[in-house]
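So the structure is just underneath, and the comments pick up after that.
Computed from heavy atoms alone, side chains included, the values below leave out hydrogens, waters and symmetry copies. A, B, ... follow the sequence lines: proteins, then strands. Residue 1 opens every chain. Only a predicted model underlies this, so the values are computations on that prediction, with no experimental measurement involved.
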Amino acid sequence: MSPSRHSGYVPQDIEPKWQKLWADHGVLKAADDSPKPKFYNLVMFPYPSGPLHMGHMRNYVIGDVLSRFKRMQGFEVLNPMGWDAFGLPAENDAIKRGGGVHPEDWTRGNIAIAKRQLGIMGVLYDWDREVTTCDPSYYRWTQELFLLFHERGLAHRMMSPVNWCPVDKTVLANEQVINGRCWRHPDVEVEKRDLEQWFLRITQYADRLLDDLSLLDHWPEKVRVMQANWIGRSQGVEVEFPIDGHPAESMRIYTTRPDTLFGVTFMVLAPEHPLVEKLTVESRRNAVREVVEASRREREIDRMSSEVKRLGAPTGAFAVNPLNGEKVAIWVSDYVLITYGTGAIMAVPGHDQRDFEFASQFSLPVREVIAPPTGPQRDLDSAYTDHGVLVNSGPFDGLDNKTGAQRIADFIEQKGIGKRSVKYRLRDWLISRQRYWGCPIPVVHCEVDGIVAVPREDLPILLPREYKPLADNADFWRVKCPKCGREARRETDTMDTFIDSAWYFLRYTSAHYKTQPFDPELADHWMPVDQYTGGIEHAILHLLYSRFFQKVLHDAGRADAIEPFTRLFTQGMIKRGGMVMSKSKGNGVAPDDLVERDGADAARIYELFIGPPDEDAEWSDAAIAGPVRFLQHVWRLVESPDSFDATGPDIPDAVLRRRVHQAIRKVTEDYEGFHFNTAVAALMELANTLQKYLQGGGERDDDWHFAVRTLVLLLNPMAPHVGEELWSRIGGQGLAADAAWPDYDPLAAAESDVTLVVQVAGKVRDRLTVPVGLSEKMALELALGSERVRGALDGHAPSKVVYVPDRLINLVP
RNA sequence: GUCGGCGUGGCGGAAUGGCAGACGCGCCAGCCUUAGGAGCUGGUGUCCGGCUGGACGUGGAGGUUCGAGUCCUCUCGCCGACACCA
């Protein structure tokens, strides 16, 4: 027998009905011209790689609850959905399945599956605004935006040592290399290759991307810190070191520690630095060449590890310290990176740990120029990197090192041997990919005209249907130069898929706009996104790129907003068996099975009740019984209140009324603050109160109807099918989805009596029921009247009384 | 190594510096019965006690406070991010 038979609640009987009604009524279709205040609610769109599981679903359930809640609160909610549909998994999976499936067919098939799954979970979107990034109607605008970046000098092609994933056979952006490995293949080491590639100049926006983090005060602190660290702004000084015997050359270094300039005992060039070839003396050539070649061969993974022994060799050349005129040896080592600063450093082993280790390994001298507050150090076994007083620093001796750094920097600038300078860890964004399933870059390479942008009227550059790398598809790349008409070659790189997702939130605001990527007026109406919800794994990549795009579009006069997402919520992952739910682990729970067995509403409530939404949660197959029983309980309360025997103590109407108002307050606050787990708990308590009321012989009077009606409305965003069904059965007007959110009356929610905790020396000795707002004098009198309190005081009079009205009185003997 | 987060019953978790463990899962006892994976009632941190009750208890050690899961210092463990950025 079905467990639902006892309550009469059969989710499968009601869910399809309401899902159809919502669709027919266009619930959650966003009106561009609504007089209501707008609320742009967005969840990160999925990559359609197969059926969704309950790990993915958490995100969409949270988003749907918020949409329904905000809608009931009177907002015009924009809640769109789409598909991040270009990318390598489509190619890889298509190949894995025998090569018979085209990436596009695979992708479209997965989209259909996911869309149906969202539907049976009762998750609503404005599907009229659906975007699919692999659709020409979308990517022609991705191409148009590329041209915009190109015109603004923000897209350029250059030769660069790049990260190459040997499995995907394509390059990766810096952000996509994790511990020297491909972000999609944790067991595959990334190789270095020199290739000519397309880049977006995100570094030009480094300052603004960093500074504007301060505007994002509704973002998790954690994400802002991660972005700030990623951008990695540092302030330092560039200094020119003359080279002994090479009057035409000089060695430019960058340091954040000008206060240690007198402690330089050697210099180091990155192996790729152009000066290496010029400066190396004949006798050192072989050793230096060995270092250069070994570091080129070196796998990225080794180079990232700080445990590894350094490669190093002296060039035989010497630099002259411009501050004290000392000659110091110039070395080559792999621990200096060509990609940061000037690719050359001054080494101060006394005060930099890396320099210290290198000096130790090669027996190079160490000099102390900053004395710790405790006095000069002897027998150094590590670099001293803290603050102190300058010593061995000529005219700067005796200064504290902070002041010293400023003075020395001033001195360098006055002498014209260097200047203050700001550097970033952030690199330009490498966007070229050499595979098939991506957005073609709309340029043509002409022998005469060079790189020629495709004219806008020729967009889109369609991805050919034939599935093979574009570079192998002559029909695709054989074109005429748009400028001179000669034979030319179309660019065969496609764009990183993170570009597709860097502007999709703008396209939603006018998904069918025909003349531009988006209608500027509608974009300005809906933007910025009021609430953005997604996984923490996008804390850097997607969110940084999207912020960059928004700023460029702002600068181009196409968008008002300078930040795309006002409020960010990063939800935790769902684990099962200790591992993140995923297709590859095979531990996913299919929403289809849950819907079939327990219904969509129970599945939704369980996902919300499982724990704080910003933390990871462990899925329990058994625990969903709680939400199932809860919904049955609510159903019985509303549908057959007479089935509860009057066997318990009386609950006065006034108490019932008060509990209902308290529940409105609590649940509203919890929805606003994303505390869905405690919102569910509060509704469970309300249901328990309603039951107690019936069991106390409570009448089906106005207070009862108010309680039932409120329970249904408060529950509706989380369990919308039950909400609609019960709403219609109790005679609610229209759809519950359209009903107004209940208001609470602070007076009605206020308790008249409170429990006053009586402590003696901080230990609870009694609890008294007292009226709200009791005076301290009365409270003390009542407390002293307690037998147990007098016993605990043991005849002493309290020397101190701490009184917190309506909460506690503490008597300290 | 650096930065950040988290440690609370058998489990998921709750608690503006003020009754630790709300709510739920599980478990125990009982009731009801159309015998069920249903419903209802009560119980369920540990220890002492027949009950009233008492002692202890939020990873560990200190501290601030009348009062600390909550604030501070140190420490252990787990998780995440970054990791030669000069």
Taking only side-chain nitrogens and oxygens of [X], does any of them come within less than 4.0 Å of OP1 or OP2 of [N]?
{"X": "T678(A)", "N": "A22(B)", "result": "no"}
{"X": "K222(A)", "N": "G4(B)", "result": "no"}
{"X": "R425(A)", "N": "A83(B)", "result": "yes"}
{"X": "Q691(A)", "N": "U41(B)", "result": "yes"}
{"X": "N677(A)", "N": "A14(B)", "result": "yes"}
{"X": "R629(A)", "N": "C25(B)", "result": "yes"}
{"X": "Q695(A)", "N": "U41(B)", "result": "yes"}

Base-pair map of RNA chain B as dot-bracket, where | denotes pairing with a different strand and pairs are Watson-Crick or G-U under 3.5 Å: (((((((..(((.....[....)))((((((.(..)..))))))((((....))))..(((((..]....))))))))))))....
Base of G4(B) relative to its sugar, syn (within 90° of 0) or anti?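 The base of G4(B) is oriented anti (glycosidic angle more than 90° from 0).
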Is a donor-acceptor contact shorter than 3.5 angstrom present between the side chain of R807(A) and the base of C19(B)?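 Absent.
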Rounded to the nearest angstrom, tell me the gap between atom CD1 in I536(A) and atom P in C79(B).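 Roughly 18 Å, once rounded to whole Å.
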Can you find a side-chain donor-acceptor pair between Q571(A) and E615(A) that sits under 3.5 Å?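 Judged by distance alone, the side chains do not pair up.
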Under the ring-ring contact (aromatic ring centres under 6.0 Å, His included) test, residues paired with F609(A) that sit two or more places apart: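 None.
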By nearest heavy atom, map I345(A) and R767(A) onto RNA chain B; which one lands nearer the 5' end?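 The residue whose closest nucleotide sits nearer the 5' end is R767(A).
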Hey, which of D352(A), I408(A), N401(A) is the one that makes side-chain contact (heavy atoms from CB on, under 4.5 Å) with R257(A)?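 Among D352(A), I408(A), N401(A), the one meeting side-chain contact (heavy atoms from CB on, under 4.5 Å) with R257(A) is N401(A).
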Checking R765(A) side chain against R788(A) main chain: does a donor-acceptor pair fall under 3.5 Å?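 No, because the side chain of R765(A) does not come within donor-acceptor range (under 3.5 Å) of the backbone of R788(A).
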Check: Q235(A) side chain, T256(A) main-chain N or O, donor-acceptor pair, under 3.5 Å: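 No; zero donor-acceptor contacts below 3.5 Å.
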